[in-house]
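In what follows, a structure is listed as structure tokens, so that the remarks can point back to it.
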There are 4 protein chains.
Amino acid sequence: MEFGFLGLGIMGKAMAINLLRHGFKVTIWNRTLSKCDELVQHGASVGETPATVVKKCKYTIAMLSDPSAALSVVFDKDGVLEHINGKCYIDMSTVDADTSSKISETIKAKGGYFLEAPVSGSKKPAEDGQLIILAAGDKALYDEVLPAFDVLGKKSFFLGEVGNGAKMKLVVNVIMGSMMNAFSEGLTLAERSGLNPGTLLDVLDLGAISNGMFKLKGPTMLQNSYSPAFPLKRQQKDMRLALALGDENAVSMPVAAAANEAFKKARSMGLGDLDFSAVHETLKAPDHSS
Amino acid sequence: MEFGFLGLGIMGKAMAINLLRHGFKVTIWNRTLSKCDELVQHGASVGETPATVVKKCKYTIAMLSDPSAALSVVFDKDGVLEHINGKCYIDMSTVDADTSSKISETIKAKGGYFLEAPVSGSKKPAEDGQLIILAAGDKALYDEVLPAFDVLGKKSFFLGEVGNGAKMKLVVNVIMGSMMNAFSEGLTLAERSGLNPGTLLDVLDLGAISNGMFKLKGPTMLQNSYSPAFPLKRQQKDMRLALALGDENAVSMPVAAAANEAFKKARSMGLGDLDFSAVHETLKAPDHSS
Amino acid sequence: MEFGFLGLGIMGKAMAINLLRHGFKVTIWNRTLSKCDELVQHGASVGETPATVVKKCKYTIAMLSDPSAALSVVFDKDGVLEHINGKCYIDMSTVDADTSSKISETIKAKGGYFLEAPVSGSKKPAEDGQLIILAAGDKALYDEVLPAFDVLGKKSFFLGEVGNGAKMKLVVNVIMGSMMNAFSEGLTLAERSGLNPGTLLDVLDLGAISNGMFKLKGPTMLQNSYSPAFPLKRQQKDMRLALALGDENAVSMPVAAAANEAFKKARSMGLGDLDFSAVHETLKAPDHSS
Amino acid sequence: MEFGFLGLGIMGKAMAINLLRHGFKVTIWNRTLSKCDELVQHGASVGETPATVVKKCKYTIAMLSDPSAALSVVFDKDGVLEHINGKCYIDMSTVDADTSSKISETIKAKGGYFLEAPVSGSKKPAEDGQLIILAAGDKALYDEVLPAFDVLGKKSFFLGEVGNGAKMKLVVNVIMGSMMNAFSEGLTLAERSGLNPGTLLDVLDLGAISNGMFKLKGPTMLQNSYSPAFPLKRQQKDMRLALALGDENAVSMPVAAAANEAFKKARSMGLGDLDFSAVHETLKAPDHSS
């Protein structure tokens, strides 16, 4: 089975290598061509433009950094659209529902097939083939490319119409953002009440709400260390978009709204580029009087 | 090693049986004496009053239903105080810090030794010896009774001065209460946005915020089933007490405060005796117009 | 001084009559021409299209119902743009900053002059010439039309660049929306605590926070009467836009966010078309147990 | 008509002088006797102890600084209780409902009559006889002392059972606290969005939500000046007590809860002794990046 693959950032490179290792033929393209070299040693072919990749391969996967890159690869000169008629395009980039819909409609109008398939998970799961794939759009295409998804992820979901992949990611992230604030408030309460917050981490870890995020972030938060795995400003953007989705559907979300304001407070403190756990800083007291 | 054991409710009975099974001698007392029969068959002796139990045993454990029962067993006629001089008292009931301090001070003034040791975990962990024990007070006493704690719990913590056990439970519960609201809002957002909330549960379960509470409560919440494992009004009371602890220490907790108001809303809807996951009902829309 | 006047709804009609009464010459246009008859009796001339009005008058005022009407009158065939070169256009409609900017830029590009001037106040102040005018854009034009603003309003403000009029309205409305919730919570607390909420209104009215909104809305809220002066769904939309403006500028607004979620809750209950004071219903308890 | 008067602080002194000026006979007592001199020049008699004042006068008014002073004057040696049989006691101090109830019950048990009558208003209204009097307790006593209330206040209310005066003050203050936050958020939003916050004050002052608090506090808040008229830590205490009252009665108050957390944040910043408008500081951004 042969795949085109557009975009060789941290995620895309790991995914393309996984495909090659499992015996798929892969034709790659990247804006900076030099990034292709390593993959060529793994057996990849190189296409000169997105258009030539799509022309050559029945299935092309894209893994791009943001909505503007995702749009550019499709709509620019020498882009995906030029040879899309009869071909299949699987966009695994994280983009908003509107961007995804725009790409979907244009590709279908030109006679192509489209699947959105954003992933949950970062560098390590990408390398290990342990991503969670949130696919939506063309169900027949989803079924056809399952062999590739089985290699890239530990689990894939088909969620219905285009846009649902993006929405599912927002829902997961808004829960995560509220949880991070709940956790940060608890750590602060423990510390200021004379309890050892490190012990709180141990107690939490033994109970029903033990989870990977608390385990990973707790120790670094206690050291005021917020090296960005997921930047706070992007988490806050996801909170905003999730609340907007709730607004559209008249869903009142008071806890998420309070968490969002805390993230905004953190942004106003200049913490937007740190890890989203830096929201912890908003609870610090500059002065303990009164 | 010999223990007195006061209080044979669901928790106390399971704990006393565990001690007997592991070779400890146990002298039991319960307000309703007939509840002692089963344990006698496991080898327990029976004391007629709390006072006689304390007189007989160097170490007495109490596991009572609430603060008023905990106070009554100590301060009433034929209570613990009568023979406490030189003896050790370990109160594993869940009581507030003030109740615990009052018992502690009186026992110490009478020449006794005191340890508070509330537990995290309910019936099943009690039976399996898998409780989490949050001890505070007399450190030497803690060290002496560790063999018993090893039988009763999977892990015990010594948290410092009396009151810290109660506080640690509050901190854990306030995080849990905020998380429950975060979860409920996410489930509602998914459902109203046209996503399958059952699929959301599957997606959550694969990611970094997967945890036992989501796994346990998610499916029942989707069925609007709230059979009370932990009653909502008690969860809300813990939120209130945790927020009061925060108030004392000038800790701003906007997310917990928003969650607390949702639990209060649920109480105003008459849901106080259902499981705390019934806060989910506050987000339901009686009518979808506008 | 001669003015064109586009749009004879409730507000526009009252404003045009005021201009006529104070000796201004006015040439009117309305989509439904029959609405012009009454004003002709007051001495108005009629223009057949927006374009002909603008061609005839140096200054044209527009008072249209919403952004789409505001855009249509400018950009459609026979619209304002056709003869705008060298002419002055004052849009007093309530539109968002983006719509206003789009109109402003196009008119200036075509050689016209532009002022946005949304108003605060409804039918009665419009009839009495007691509006508050929030103008922004071309300062020289503002100065030229002050004689008309003096007739239409009790006070006008020049706020700087185009968009600032819309923003100022949002800021006022977000404060108003939070205040309405503060008021509603207080009324509910009084009632449920056994106080007479009518007496609370009297007490409030004598103190430092006495204000027209409490006086006007209090008595009707106590009667659960929410005849729409300002529809709840429009108030909630203004909350959302104000919070979005805050998001853009990294302003954390936890109280407004909580108020917004209450308005969303009211929408989910089907109250969007009632007066914004209907948010009061979100605090009602269907059942008082627990 | 003759009155005893206990407590000559800022408020009490102004009130006692008003009574004297309007022809009432007044017998005063103050813990620091030297404070009595000025009033003697206005015609007051002096009592040596609260007990002697109560013995001499049928009606005794108290205006003390806080609950502990209010309790002390009643229960201490030479206190009010010693001669209360058959006499009338009107406590106008601001105390909580519990303190008020305790005083009420004891006085009634000793054969006396009791009215609680906390006031709304500070020094200036006290001097001008423009207080708002929130009375509760003995209705017949209320009717008897109306001539004095007419001199002290612009309006008095009889609110039913003892405790209702305190509760009414809490309700008014919780609305005020939420409004202050709404106002502060609006000012901050205006400023950060490029609007002139001074102009916002002018616009607000012309509209339906114009009120004395905005007019008084707005200009000083814009200058970051928070000279304490009503200390923030006392406002926050009233928020806490009002929320507790809501908790008792299952009233969900999400906006007040968010406002309370902002006041707590201000306390954690060391602002508790400044004016309650200093909550404005919680919204300031130390750094505007991201």
Side-chain angles (χ1 to χ4, degrees), chain C residues 120-121 132 134 154-155 157 159-161 164 167-168 170-172 174-179 181-183 185-186 188-190 192-196 199-200 202-204 206-213 216 242 245-246 248-259 261-262 283 285 288 290, chain D residues 120-121 132 134 154-155 157 159-161 164 167-168 170-172 174-179 181-183 185-186 188-190 192-196 199-200 202-204 206-213 216 242 245-246 248-259 261-262 283 285 288 290:
Chain C
S120 182
I132 303 162
L134 305 172
K154 63 178 166 186
K155 178 85 179 169
F157 295 89
L159 302 171
E161 64 189 36
N164 282 356
K167 285 178 188 175
M168 186 61 88
L170 283 184
V171 174
V172 171
V174 77
I175 296 174
M176 184 171 75
S178 293
M179 267 176 68
N181 276 273
F183 183 47
E185 290 182 1
T188 307
L189 180 60
R192 272 308 175 94
S193 307
L195 300 172
N196 183 330
T199 305
L200 172 60
D202 292 338
V203 173
L204 286 170
L206 292 161
I209 58 175
S210 171
N211 66 84
M213 182 175 80
L216 185 67
L245 184 62
E248 247 175 68
N249 296 288
V251 181
S252 182
M253 303 175 72
V255 166
E261 296 308 315
L283 300 178
H288 293 269
S290 110
Chain D
S120 182
I132 302 163
L134 304 172
K154 63 178 166 185
K155 177 84 179 170
F157 295 90
L159 302 171
E161 63 189 37
N164 283 355
K167 287 179 187 174
M168 186 62 87
L170 283 184
V171 174
V172 171
V174 76
I175 296 174
M176 184 171 76
S178 294
M179 268 176 68
N181 277 274
F183 183 48
E185 290 181 3
T188 307
L189 180 60
R192 284 271 202 106
S193 306
L195 300 172
N196 183 330
T199 305
L200 172 60
D202 292 339
V203 173
L204 285 171
L206 292 161
I209 57 174
S210 170
N211 65 83
M213 183 176 79
L216 185 68
L245 184 62
E248 246 173 71
N249 297 288
V251 181
S252 182
M253 303 175 70
V255 165
E261 296 308 316
L283 300 178
H288 294 271
S290 110

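Reckoned from all heavy atoms, side chains included, excluding hydrogens, waters and symmetry mates. Model, not experiment: these values are computed from the prediction. In the text below, chain A, chain B and the rest are named by the order of the sequence lines, each starting its count at 1.
D:Leu170 does not touch chain C: none of its heavy atoms, backbone or side chain, sits under 4.5 Å away. When heavy atoms are compared at a cutoff of 4.5 Å, D:Leu204 approaches chain C solely by way of its side chain, counted from C-beta outward. Residue contact with chain C, scored on non-hydrogen atoms closer than 4.5 Å, involves the backbone and the side chain of D:Ile209 alike. Within the 4.5 angstrom heavy-atom criterion, no atom of D:Ala262 approaches chain C. Residue D:Leu245 touches chain C through both its backbone and its side chain, counting heavy-atom pairs closer than 4.5 Å. D:Asn164 touches chain C through backbone and side chain together, each having a heavy atom under 4.5 Å away. In this structure, the portions of D:Ile175 lying under 4.5 Å from any heavy atom of chain C include both its backbone and its side chain.
The choice from C:Gly212, C:Ala208, C:Ala258 that makes the most heavy-atom pairs within less than 4.5 Å of chain D is C:Ala208. Between chain D and the options C:Gly160, C:Ser193, C:Ser252, C:Gly194, the largest number of non-hydrogen pairs under 4.5 Å is found for C:Ser193. Considering only heavy-atom pairs separated by less than 4.5 Å from chain D, the leading option among C:Met168, C:Met213, C:Lys154, C:Met176 is C:Met168. Counting heavy-atom pairs closer than 4.5 Å to chain D, the top residue among C:Glu248, C:Lys167, C:Met253 is C:Met253. Your options are D:Asn211, D:Val172, D:Asp202, and the one with the most heavy-atom pairs under 4.5 Å with chain C is D:Asn211. Each of C:Val171, C:Leu189, C:Leu159 has some count of heavy-atom pairs under 4.5 Å with chain D, and the biggest count is that of C:Leu189. Note on D:Leu134, D:Thr188, D:Leu200, D:Leu216: by heavy-atom pairs under 4.5 Å with chain C, the leading option is D:Leu200. Per-residue heavy-atom pair counts under 4.5 Å with chain C were compared for D:Asn181, D:Leu206, D:Val174, and the maximum is reached by D:Leu206. No other option in C:Ala182, C:Ser210, C:Gly246 has as many heavy-atom pairs under 4.5 Å with chain D as C:Ala182.
Side-chain atoms of D:Asn249 never come within 3.5 Å of backbone atoms of D:Val251 as a donor-acceptor pair (strictly under, hydrogens ignored).
Here the closest non-hydrogen pair linking C:Ala256 and C:Ser178 is CA-OG, 3.4 Å. The minimum heavy-atom distance between C:Pro254 and D:Leu283, with the atom names listed, is CD-CD2, 4.5 Å.
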